[in-house]
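Every value quoted in this text rests on a predicted model; they were computed, and no experiment measured them.
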Amino acid sequence: MECKEYEKLIPAFLNDSLEGEELAEFVDHIKQCRDCEEELAIQFLSVEGLARLEEGASFSLDKELEVKLKQAGRQVKISRRIERICKQVEGLAAVVLGAAILYMIW
């Protein structure tokens with residue numbers, strides 16, 4: 001994907017609408033691309049800043065964006081671990097099934 005496509009995903013990320021591999025690709029790209037990271041920060045500050053001003057609340061948006069990205073990164077890591085475990089279980093099940101078939105044949 002190109003930067004323009006990732007920039008289009010920023011509103012979905014800010015609304016917590018990205019999941020799975022799409023979230024993983026987005027987070028990985030943001031970590032590596034300064035331009036997209038800056039665009040994310042601008043959009044986050046705009047959306048959240050306006051909402052907070054309307055509420056009259058105080059805020060530290062830089063920290064909140066950092067926390068949001070870290071949470072997304074943790075979610076991606078957990079998803080990837082679960083995928084690896086599922087693949088290992090599938091592999092183990094195939095081995096057990098194969099052994100059972102060989103046992104039945106002999």
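Here the CE atom belonging to M1 is positioned 12.0 Å from the CD atom belonging to E7, to the nearest 0.5 angstrom. Distance check, rounded to the nearest 0.5 Å: CG of L40 to CG of L65 gives 4.5 Å. Note that CD1 of I85 and CZ of R80 are 14.5 Å apart. Values are rounded to the nearest 0.5 Å. To the nearest 0.5 Å, atoms CD1 (I10) and SG (C36) are separated by 6.5 Å. Remark: L69 CG to E64 CD distance equals 12.5 Å, nearest 0.5 Å. Expressed to the nearest 0.5 Å, how far CD of E38 lies from SG of C33 amounts to 9.0 Å.
A cation-pi arrangement, defined by a distance under 6.0 Å to the six-membered ring centre and an angle within 45 degrees of its axis, is absent between K31 and F26.
Counting heavy atoms from C-beta on, the side chains of E48 and L14 never come closer than 4.5 Å. Side-chain contact check for L9 versus H29: every heavy-atom pair is 4.5 Å or farther apart.
Remark: the Q71 side chain and the Q75 side chain contain no N/O donor-acceptor pair separated by less than 3.5 Å.
When all heavy atoms are compared, the tightest approach of V27 to A72 is CG2-CB, 3.7 Å. In terms of heavy-atom proximity, Y6 sits nearest to E25 at CE2-O, 3.6 Å.
V47 and L18 fall into different hydrophobic clusters, where Ile, Leu, Val, Met, Phe, Trp and Tyr side chains are chained together by heavy-atom contacts under 4.5 Å.
Every side chain to side chain donor-acceptor pair (under 3.5 Å) that E66 has, sequence neighbours left out, goes to K70.
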